[in-house]
Amino acid sequence: MNARTPPPQSPSSPSLPSPSRTRRRLLGRLAAGGLVASHAAAAAELLKPLDIAPSSRVPGAPVLEHPYGVPSPREANVVRRSARAWPLPGAASSMTPLADLHGTLTPNGLVYERHHGGVPDIDPDQHRLAIHGLVRTPKLFTMDDLLRLPSESRIHFLECSGNTGNEWNGPSGMPVQLTHGLLSCCEWTGVRLSTLLEEVGGLSTPIDATRGWLLAEGADAAVMTRSLPLERILDRALVVYAQNGERLRPENGYPLRLIVPGFEGNTNVKWLRRLKVVDAPLQTREETSKYTSLLANGTARQFAFEMDAKSVITRPSPGHRLTTHGYYPITGLAWSGRGTVRKVEVSTDGGATWRLARLDGAIHDRALTRFQADWRWDGGPAAILSRATDSTGYVQPTRAELVAARGLNSQYHYNAIQQWRVDASGEVRNA
Ligand SMILES: Nc1nc2c(c(=O)[nH]1)N[C@H]1C(S)=C(S)[C@@H](COP(=O)(O)O)O[C@H]1N2
Ligand SMILES: [Mo]
């Protein structure tokens, strides 16, 4: 035996009261007070759930009942939903049930979907990624080629620039899934854009990264095409084939998509088939008629790529009801397309006073960050809000500040502070 290991203690060691001795002492004391009968009955009642559980009396379901696991059928209401009916086939979106999720990662089956032309069926063996334009040696990559290159896994949020657009004109009455659910966060795995550009010999003269743009094109019916400023994305853009550990889901771009951390959702081109280096933006449909914001002075804001800092309380949130007066934790999500979340403040009095929320776990660059704050609901009406500040010092604006800066014609990039009202009955509403 090692000299420093203490000798094992015998069960009858006098220094430790044995459980039975403790129980005898406790019962003795209770009997002395004449309370033994009622206490024993209460204790038995309390421990009833510890009787052999019905679920322990029979063997459970076998393994491989679901070769690919599925959530408990009792969680069947935790699903993606749509805020509106879409007029054209294929052009639709579905939203992540933020109020029912925990932590910061979105399970693959609940990642929001936004398609302009439906989900294509692509055979990965036939799929090719072309990298061409102003590069030294243009090349076609098979999926196999890409899987043999050094990979990187990083956690990033993805947010549609139309997310929360229904709040521009004031409270929409909708629950958080439908106001903020065009938002998800995954661990993405793939190849760095910079590695791929090295594979094609780098940029050809006279283009250098400070002047170059990258055209990304999808293989779907919408042929989603965006021009991206190379210098701003080169240190972090990834061409990914996996999300949360498994290959991309068909609806999220299988077999290949672009991830541009922090940039508006549509730049994260799914079903990626081509990256072309060019010397100026191509002014595609997605950057002229769509994804520009008309300002109050009649000019349009174009190439507003970064999703600005934003946060939202997911619990309690509209649809929830507080049932007892007392302690309610407030929790939610914060994120910024320009860096990390530095702090989140929470108010329970409509923004009159603010206090710091706690930030959970590791804080990743351009990723969802979970916050929590303690709150005692006294039973009166309350208005609960959260406000994020990011690593650049930018503070999430009020709706009035945002409208003053952008007017009311903008559909995109709504990131104002979101308020939920709690009325005296405990009902939480977006009002
Ligand atoms: N090829 C292609 N890429 C696309 C789209 C599309 O319709 N086609 N939709 C874009 C939009 S608007 C968003 S918000 C994100 C949505 O990604 P997700 O469906 O994986 O959540 O993908 C973008 N990439
Ligand atoms: Mo989007």
Side-chain angles (χ1 to χ4, degrees), residues 80-84 86 88-98 101 105-122 127 129-130 156-166 177 180-190 214-228 233 237-244 246-276 284-287 289-293 304-307 310 335 337 368 410-415:
R80 297 186 281 218
R81 291 178 205 280
S82 202
R84 57 185 245 220
W86 291 80
L88 298 171
S93 64
S94 72
M95 309 171 91
T96 297
L98 298 175
L101 296 186
L105 292 177
T106 314
N108 285 338
L110 296 175
V111 171
Y112 83 91
E113 306 160 276
R114 173 74 180 103
H115 322 305
H116 296 241
V119 180
D121 175 24
I122 296 176
H127 191 70
L129 171 67
H156 291 298
F157 76 82
L158 189 64
E159 184 184 19
C160 178
S161 53
N163 197 28
T164 327
N166 43 20
Q177 177 170 14
H180 288 72
L182 292 171
L183 172 72
S184 296
C185 186
C186 298
E187 184 196 64
W188 306 101
T189 301
L214 186 73
L215 188 79
E217 182 187 89
D220 54 335
V223 196
M224 185 85 192
T225 309
R226 284 298 321 247
S227 320
L228 299 160
I233 67 168
L238 294 173
V239 170
V240 310
Y241 41 74
Q243 64 186 109
N244 294 330
E246 62 183 356
R247 292 300 186 92
L248 294 171
R249 291 288 170 93
E251 59 270 38
N252 303 119
Y254 184 85
L256 201 63
R257 87 179 295 174
L258 186 63
I259 287 291
V260 192
F263 273 28
E264 56 183 12
N266 66 76
T267 62
N268 296 257
V269 172
K270 301 190 277 190
W271 313 294
L272 184 69
R273 69 192 290 258
R274 151 154 103 122
L275 293 172
K276 183 180 184 186
T284 69
R285 175 188 69 206
E286 322 298 345
E287 43 214 32
S289 87
K290 285 192 73 76
Y291 302 119
T292 58
S293 297
F305 290 120
E306 279 95 353
M307 299 308 294
K310 187 164 165 182
W335 63 100
L368 293 189
S410 292
Q411 283 181 52
Y412 303 115
H413 289 267
Y414 184 92
N415 71 321

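From a predicted model like this one, the values you see are computed outputs, not experimental measurements. Just follow the structure's listing: the first ligand is 1, and inside any ligand the first atom is 1.
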query = Do the side chain of Asn244 and the main chain of Thr106 share a donor and acceptor less than 3.5 angstrom apart?
reply = yes
query = What pairs meet the salt bridge (Lys or Arg N to Asp or Glu O under 4.0 Å) rule with one or both residues in residues 216-227, with sequence neighbours excluded?
reply = Glu217-Arg273, Glu217-Arg274, Arg226-Glu264, Arg226-Glu287
inquiry  = Taking Ala92's backbone N and O only, do any of them form a donor-acceptor pair with Arg114's side chain (distance below 3.5 Å, no angle check)?
reply    = yes
task = Could you name the protein residues that come within less than 4.0 Å of ligand 1, counting only heavy atoms, and order them by chain and residue number?
result = Tyr112, Glu113, Arg114, His115, His116, Leu158, Cys160, Gly218, Asp220, Met224, Glu251, Asn252, Arg257, Gly265, Asn266, Asn268, Val269, Lys270, Trp271, Tyr291
ask   = Residues in side chain to side chain contact (heavy atoms under 4.5 Å, CB included) with Gln177, at least two apart?
value = Arg81, Met95, Pro97
Lys/Arg-Asp/Glu bridge criterion (N-O < 4.0 Å) met for Glu113, Arg249 = no
query = Applying salt bridge (Lys or Arg N to Asp or Glu O under 4.0 Å), which residue pairs with at least one partner in residues 181-190 are found, sequence neighbours left out?
reply = none
